[in-house]
Each structure stands twice: as C-alpha cells, then as structure tokens.
Amino acid sequence: MPLLENKTALVTGGTSGLGRSIAVGFAKHGASVVVLGTKKEKAESVIQELNTLKCFASQKFSYVLADVSQKQQIDKALADILVDFGNVNILVNCAGITRDSLFLKMSEENWDNVITTNLKSVYNVTHYVIRAMIKSRNGKIINIASVIGQIGNPGQVNYSASKAGMIGFTKSLAKEVGSRGICVNCIAPGFFETPMTDALSDEQKKSIYDKIPMRRLGNPEELANAAIFLASDMSNYITGETLTVDGGMIS
Ligand code: NAD
C-alpha cells in the first residue's frame with residue numbers, strides 16, 4: 001500500500017547515495033519528489049529513474065541545482081519549486097560532506113565547509129519550507145544526522161559537531177512546532193554503502209565491520225525504509241526523536 005500518496009517531498013542531497021535512495025523510496029510510495037543537488041547530470045539521472053516508478057498519474061518529479069550552504073541560492077531555488085509543486089509536505093535534509101583530519105591539523109576552511117554544508121544548510125532549507133507547513137498545520141521534517149554525532153570519532157571533529165548540531169536542532173524545533181502538526185525527527189545512519197563510504201580503505205572497512213553486530217554495511221534501501229516510515233502517517237505521534245539505523249553498532 002503506498003504510504004505517501006498526494007504528498008510532495010523535497011530531498012536535499014537527493015542526487016546521490018542515501019538521498020537518492022530516499023527519493024526512490026518516496027516515489028515508489030506515491031509521493032511527488034523534488035531532489036536538490038549540485039550536479040546536473042546526476043540530478044537528471046535520478047529524475048529518469050523516478051519517472052519509471054510512478055504509481056499515480058498525478059505524481060511529478062523534478063530537480064533543482066543549488067548549494068545548500070548558500071541561503072540566497074536556496075531561497076531562489078525553493079521559490080521556483082513552490083510555484084511548480086505547491087506546498088512541500090516532507091523535507092529531508094540529507095546533503096552532507098566530510099572533510100576529515102585530526103583536530104590539530106584541521107584547517108579553518110575544512111571546519112567551516114563541513115559546518116555550513118551539514119548544519120547551516122538545515123537552517124537555510126528548513127526556514128524556507130516550514131512557513132507553509134505551519135500554515136497548513138502539516139509536515140514531516142527528517143534530518144539525516146549520523147551515529148558519529150552521537151558517539152564521536154577521531155578525525156571527524158567537524159563532522160561530528162555538525163551532526164550533533166542537527167540532533168539538537170531537531171529536538172528544539174520539534175518542541176516549537178509540535179502543536180502545529182509538524183513532526184521533526186532525525187535518522188542517525190551507521191555506515192552505508194554509498195560514494196561517501198567508498199572512499200574508505202579496505203583496512204578502515206574491516207575495522208568498521210568488526211564494530212557492527214550485523215557484520216556488514218547497510219544497504220541504502222534499508223535507510224530509505226526508515227525515512228518512508230518517518231515521512232508517513234504511520235509515525236504521526238513521533239517527534240524530536242533520533243532513529244538510529246546502524247546494524248546494532250552503537251546499541
Ligand atoms: P553522498 O556523497 O553519496 O551524497 C551527498 C549528497 O549531498 C550528494 O547528492 C551531493 O550533491 C549533496 N551535497 C553535498 N554538498 C552539497 C551542497 N553544498 N549543496 C547541495 N548538495 C550538496 O553521501 P551519502 O553517503 O549519501 O550521505 C548522505 C547523508 O547521509 C550525508 O549527510 C551524510 O553525512 C549522511 N550519512 C551517511 C552515512 C554513510 O555511511 N554513507 C553515514 C552516516 C550519515
């Protein structure tokens with residue numbers, strides 16, 4: 001049974017990895033989907049895939065290119081989307097980057113890039129989209145954080161701070177807008193098979209497997225299923241939560 005019929009979703013970072021998988025999962029469940037990314041070729045390829053997955057004639061798919069860390073770009077891009085799609089009912093803040101190094105060697109540039117792309121972006125996009133959600137007294141906001149925001153990791157002070165920031169953002173906003181019918185939640189993925197983790201060496205992957213009770217990386221579809229649940233009416237009484245999806249890694 002499609003869980004997202006008549007819903008419109010905006011997925012930042014929806015052109016690759018987990019975001020793409022979430023966009024695909026939402027389309028399979030009947031939602032119209034806008035993906036936001038930075039690369040035209042990748043965005044076009046996602047839209048091509050989504051068009052093969054339509055369950056309802058009314059479903060629409062589109063992409064928008066913008067840098068999530070730049071408020072002005074986001075305001076302009078989202079204004080165009082709202083004209084085409086009407087209200088966004090589901091927002092997934094998934095765009096993110098890593099710029100790893102031990103803290104003593106961490107440049108100010110790598111600190112700023114990660115904080116603005118992973119955390120300031122959540123302000124930029126949510127601030128624009130939430131007005132209409134408040135007006136319609138309906139909305140689901142899902143922030144893709146990370147277990148690293150919960151447990152920390154050497155070499156990822158910037159990334160960990162950005163993801164812990166997303167968790168705090170989520171808890172506070174959930175308290176502000178719960179009375180308006182808006183649910184705000186986080187998903188904290190463990191390690192998943194995406195271009196982000198492709199960059200890890202075999203040695204790093206082996207040491208990660210040893211820490212995961214299920215002894216494997218997650219499949220992006222398994223993460224998308226958690227996002228579908230939080231986007232759907234099945235989770236209407238869940239807000240301010242962080243749902244960890246990590247094969248048992250930090251439990
Ligand atoms: P990915 O590199 O495959 O995808 C990242 C996406 O973010 C891409 O679509 C990219 O275009 C977009 N993006 C990056 N910078 C952007 C910017 N400035 N403006 C607009 N879009 C931008 O990575 P992924 O593994 O799919 O990760 C997606 C999210 O999940 C990230 O926030 C990441 O931190 C988080 N996460 C991933 C894992 C994992 O194991 N892959 C684990 C925990 C958390």
Side-chain angles (χ1 to χ4, degrees), residues 10-25 33-47 49 63-78 91-100 109-110 112-125 142-153 156 158-167 169-170 186-200 204-205 208-209 211-212 214 216-224 226-227 242-247 249-250:
L10 169 65
V11 183
T12 76
T15 56
S16 172
L18 299 182
R20 179 173 180 141
S21 188
I22 291 168
V24 165
V33 182
V34 179
V35 295
L36 188 152
T38 49
K39 300 208 170 81
K40 189 168 182 218
E41 211 172 284
K42 283 186 167 184
E44 282 174 347
S45 136
V46 180
I47 300 305
E49 182 178 359
Y63 71 84
V64 62
L65 300 178
D67 180 341
V68 281
S69 67
Q70 303 298 319
K71 180 93 174 77
Q72 279 185 346
Q73 278 189 36
I74 289 302
D75 287 352
K76 188 178 173 315
L78 298 189
L91 165 64
V92 182
N93 286 305
C94 186
I97 57 168
T98 51
R99 294 288 180 270
D100 300 349
E109 186 187 4
N110 280 348
D112 286 344
N113 279 343
V114 169
I115 298 293
T116 55
T117 305
N118 296 4
L119 183 58
K120 166 99 191 315
S121 61
V122 179
Y123 167 83
N124 290 343
V125 182
I142 302 164
N143 295 321
I144 307 300
S146 168
V147 292
I148 303 306
Q150 298 171 298
I151 61 168
N153 199 24
Q156 292 199 303
N158 49 0
Y159 184 75
S160 175
S162 71
K163 296 300 184 179
M166 284 173 93
I167 294 171
F169 174 104
T170 299
C186 268
I187 297 177
F191 287 94
F192 279 78
E193 287 166 12
T194 71
M196 190 178 264
T197 48
D198 280 352
L200 297 169
Q204 283 171 312
K205 281 190 182 157
I208 289 167
Y209 292 150
K211 292 180 191 138
I212 303 174
M214 296 190 86
R216 63 176 177 85
L217 299 192
N219 175 327
E221 202 180 325
E222 293 169 320
L223 197 280
T242 297
L243 175 56
T244 302
V245 184
D246 68 346
M249 190 179 146
I250 69 163

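Note that ligands are numbered from 1 as they come in the structure, with each ligand's atoms numbered from 1 the same way. Quick note: residue numbers are just sequence positions, from 1.
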Not counting sequence neighbours, which residues clear salt bridge (charged side-chain N to carboxylate O under 4.0 Å, His left out) with Arg99? List them please.
none

By salt bridge (charged side-chain N to carboxylate O under 4.0 Å, His left out), which residues pair with Lys211, not counting sequence neighbours?
none

Using salt bridge (charged side-chain N to carboxylate O under 4.0 Å, His left out) as the criterion, list what pairs up with Lys76, not counting sequence neighbours.
Asp80

Counting C-beta onward and ignoring hydrogens, is there a side-chain heavy-atom pair between Arg20 and Ser45 closer than 4.5 Å?
yes

Would you say Ile208 and Leu217 make side-chain contact, with heavy atoms under 4.5 Å?
yes

Using a strict threshold of under 4.0 Å (side-chain N to carboxylate O), is an ion pair present between Glu44 and Lys39?
no

Select all protein residues for which some heavy-atom-to-ligand 1 distance is less than 4.0 Å, and list them by chain and number.
Gly13, Thr15, Ser16, Gly17, Leu18, Thr38, Ala66, Asp67, Val68, Cys94, Ala95, Gly96, Ile97, Thr117, Ile144, Ala145, Ser146, Tyr159, Lys163, Pro189, Gly190, Phe191, Phe192, Thr194, Pro195, Met196, Thr197

